[in-house]
Amino acid sequence: MHFYKRERWYPNCKRYKVHYIFNEPWRYVLRVRPNMITHTKMVDGVLESEIARISNYITNHFLRNSMMKIAHGSAKYWRWIGNKELKYQNPLDNKQIHTIMDEYYKEIEYLNKEALHSKDKKYNGK
């Protein structure tokens, strides 16, 4: 009742998008309030350390699959997304390209230095 529907064509998306616009904008006032953090949650150090200890125990003793099997009837439950198997992990995942390139150039530089040193040893030995 207070809005009307307007559809606009967006050529980038190649589809119509719907916007709802006020019929009488003078009836509404935009009010902005600050959203400040005034309270923080109390942290229990003993409880947090106990939770971490239990989590480490489950991880170190490979109990997560057993727990999933008990809870859901199978270890490969679709909602649980565990770590990838090591043979399928990509070492470049979650790394920025400039970090990868820096490591690559350092490795190439190191290999070139090794090659030069080995040539110098050959020639000095003769």
Side-chain angles (χ1 to χ4, degrees):
M1 189 167 129
H2 294 280
F3 301 93
Y4 68 91
K5 180 179 173 181
R6 186 174 80 184
E7 293 182 359
R8 289 182 57 195
W9 174 255
Y10 284 89
N12 295 341
C13 304
K14 296 183 180 173
R15 66 183 182 122
Y16 287 100
K17 288 192 178 179
V18 177
H19 296 281
Y20 292 95
I21 299 174
F22 293 115
N23 283 336
E24 300 170 344
W26 56 269
R27 289 185 183 262
Y28 303 97
V29 177
L30 176 65
R31 182 169 37 176
V32 179
R33 295 182 182 168
N35 185 11
M36 296 171 34
I37 299 172
T38 56
H39 302 288
T40 57
K41 187 177 177 182
M42 294 293 290
V43 177
D44 186 5
V46 176
L47 182 62
E48 293 293 327
S49 66
E50 190 68 21
I51 290 170
R53 189 181 67 78
I54 292 170
S55 177
N56 287 338
Y57 181 83
I58 290 170
T59 303
N60 293 339
H61 291 87
F62 306 103
L63 299 175
R64 193 168 310 277
N65 281 347
S66 301
M67 291 168 50
M68 295 302 291
K69 194 169 189 178
I70 291 168
H72 302 290
S74 68
K76 301 290 183 185
Y77 191 63
W78 67 274
R79 288 189 186 175
W80 182 72
I81 301 171
N83 293 332
K84 294 180 186 176
E85 293 182 29
L86 290 177
K87 65 180 181 180
Y88 297 120
Q89 279 185 342
N90 185 356
L92 304 179
D93 276 351
N94 300 326
K95 281 192 177 180
Q96 296 178 352
I97 188 71
H98 65 86
T99 309
I100 296 168
M101 294 304 291
D102 287 344
E103 291 174 3
Y104 172 74
Y105 290 135
K106 286 178 185 176
E107 185 177 340
I108 294 297
E109 185 178 332
Y110 177 77
L111 292 174
N112 287 339
K113 284 182 183 178
E114 287 292 320
L116 288 176
H117 289 305
S118 65
K119 286 181 184 176
D120 291 341
K121 289 179 183 177
K122 283 183 185 176
Y123 293 123
N124 290 338
K126 287 185 177 181

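We use all heavy atoms of the structure for the numbers below, so side chains are in, but hydrogens, waters and symmetry mates are not.
- Note: M36 CE to H39 NE2 = 11.0 Å, rounded to the nearest 0.5 Å.
- Residues K14 and W9 are in side-chain contact: their nearest non-hydrogen atoms beyond the backbone lie under 4.5 Å apart.
- The minimum heavy-atom distance linking N23 with M1 is given by the pair ND2-O, 3.0 Å.
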Show your working on side chain to side chain contact (heavy atoms under 4.5 Å, CB included) between Y20 and Y4 and close with a plain yes or no.
-> CA-CA 6 Å; Y20 292 95; Y4 68 91; over 6 Å; no
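- H19 NE2 to K5 NZ: the interatomic distance, rounded to the nearest 0.5 Å, is 12.0 Å.
- Rounding to the nearest 0.5 Å gives a distance of 10.0 Å between CD1 of I97 and CG of D102.
- In terms of heavy-atom proximity, I58 sits nearest to R64 at CG2-N, 3.9 Å.
- Shown here is Y57, whose OH atom has no more than 12 heavy atoms of other residues, nucleotides or ligands within 6.0 Å.
- A salt bridge does not link E103 with K106: none of the charged nitrogens is closer than 4.0 Å to a carboxylate oxygen.
- No close placement of the Y16 and Y10 rings is indicated, their centers lying 6.0 Å or farther apart.
- Counting only distance, with no hydrogens or angles, the side chain of S49 and the backbone of V46 share a donor-acceptor pair below 3.5 Å.
- Atom CG of L63 is separated from atom CD1 of I70 by 9.0 Å, given to the nearest 0.5 angstrom.
- With hydrophobic clusters built from ILVMFWY side chains whose heavy atoms lie under 4.5 angstrom apart, I100 does not share a cluster with Y105.
- For Q96, the CD atom sits in a loose shell: 12 or fewer heavy atoms of surrounding residues, nucleotides or ligands are nearer than 6.0 Å.
- In this structure a side-chain-to-backbone donor-acceptor pair under 3.5 Å is missing from S55 to I51.
- With a 6.0 Å radius and a threshold of 12 heavy atoms from other residues, nucleotides or ligands, Y110 has its OH atom at or below the threshold.
- Under the rule for a side chain to side chain donor-acceptor pair (under 3.5 Å), E107 has no partner lying at least two apart in sequence or in another chain.
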